[in-house]
Amino acid sequence: MCLAFDARPPELPVDLALPPLAGGAGAEILELTSEDGTRFSAALAESPSASPEATGVVILPDVRGLYRFYLELAERFAQAGHHAIAIDYFGRTAGTGERDADFDFWPHVERTSVEQVQADAAAAIQELRERTGVEAVVTVGFCFGGLHSFLAATSAELDLAGVVGFYGALDGTRLGAPSPPDHTGDMRCPVLGLFGGADAGIPLERVDAFERGMAAAGVEHEVVTYPGAPHSFFDRSFEEHAEACTDAWRRVLGFLERVGAPVAR
C-alpha cells in the first residue's frame, strides 16, 4: 500500500512558500477527454503568484488515483508559484469523480497501460497550457505514478522538461509495465528520483542500477535516497521524517526551476 487515505502532503518550507491562494481558492475539479474519447477526472490548481515562465506540474498519483492528498498537493505547488494539475487513471474502468477510502483500486490498476496513462497525461498537459500559458511541464509521480513519471521521460509526444518520481516502482512487472532501469537509454529529459532507504519494495541495489543506467546513457539525473525513510515517507503525519520531506520539497522545487525558467519571487 502507498499513502494512507487520510495522508496529507508536508507543508512547504517557510522560505519557499508564497502567499496563500487568493480567497482561499483550492483545486478545481475537472473532467478532461483523452485521445481515445475517455472522460477522466483531474484537479487543477492555478497559482496567482506564478511568473509567465514558471514550470507547470502534472501530478501522477499512487494506485488509489485522484483523492484528497493530490488535490492538496496541487494546491501546495500553486502556493510555491507553479500551476499544477493532478489526474485520475481510471476513467475507462471506474468512471469519473474523486476516489474515496473504499475504492477497490487494484482491479483498475491492472487494467491500465502505459499508453493510456501517457494519453491522459497529454490531455492534462494541454489543459494546463491552455488555462495557464505554461510552456515547460514536469511530471511528478508517486509509487505507481512514480513508475509512470519515469517512463514518461521516454515519450517524445509528451515533450517534458523533466520528470520526478517519489519512490517510483523500478520493477514494472507486477504492474504490467516496463521497468525504468531497462529504458534509461530512451530517456529524453532530466530525471529526479527520491527514494526511502528503508523501502523494502524498492531494493537499494535496484536504485543503484537505475542511477548507473542513467549515467551510462548520459541522462541528466539526480537520485536521492533518505536513510531510514519508508515507502510513502512524503506524508505530514510522519513527523520522524520531516527532515526528509523538507529536503524533498527543496529538491523538487529546485528541479522545477533548473529545467524550466526561474520563478520570480
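Numbers for residues simply follow the sequence, beginning at 1. The basis for the numbers below is simple: all heavy atoms, side chains too, and nothing from hydrogens, waters or symmetry mates.
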* Of the non-hydrogen atoms in Gly172 and Ser179, which two are nearest, and what is the gap between them? -> N-OG, 3.0 Å
* Hey, does the side chain of Ser149 reach the backbone of Val164 with a donor-acceptor pair shorter than 3.5 angstrom? -> yes
* Counting only heavy atoms not in Glu243, do more than 12 fall under 6.0 Å of its CD? -> no
* Quick one: sort the Phe144 and His148 rings into parallel, tilted or perpendicular, breaks at 30° and 60°. => perpendicular
* For Leu66 against Ile87, the heavy-atom pair lying closest together -> CB-O, 4.1 Å
* Heavy-atom pair of closest approach, residues Ala84 and Ala74 -> CB-O, 3.8 Å
* Asked: Do we see a donor-acceptor contact under 3.5 Å between the side chains of Asp62 and Tyr67?
  -> yes
* To do: Answer yes when Glu72 and Arg236 have at least one side-chain N-carboxylate O distance shorter than 4.0 Å, and no when they do not.
  => yes
* Do you know the tightest heavy-atom contact between Gly185 and Ala217? -> CA-CB, 3.9 Å
* ILVMFWY cluster, Val191 and Val224 together (side-chain gap under 4.5 Å) -> yes
* **Identified ring pair (Phe, Tyr, Trp, His ring centres under 6.0 Å) counterpart of Phe233 within the set Phe142, Phe238, Tyr167, Phe195** => Tyr167
* Structure fact -> Closest non-hydrogen atoms of Gly81 and Ala50, given as atom of the first, atom of the second and distance, are O-CB, 3.3 Å
* Asked: Going through the distances and angles, do Val58 and Leu160 end up as a side-chain contact (heavy atoms from CB on, under 4.5 Å)?
  -> CA-CA 10 Å; Val58 174; Leu160 295 168; over 6 Å; no
* Looking at Arg92 and Asp120, does any basic side-chain N land under 4.0 Å from a carboxylate oxygen? -> yes
* Asked: Should the heavy atoms of other residues, nucleotides or ligands under 6.0 Å from CD of Glu11 be counted, would the total exceed 12?
  -> yes
* Asked: Between Asp208 and Arg212, is the closest basic N to carboxylate O distance under 4.0 Å?
  -> no
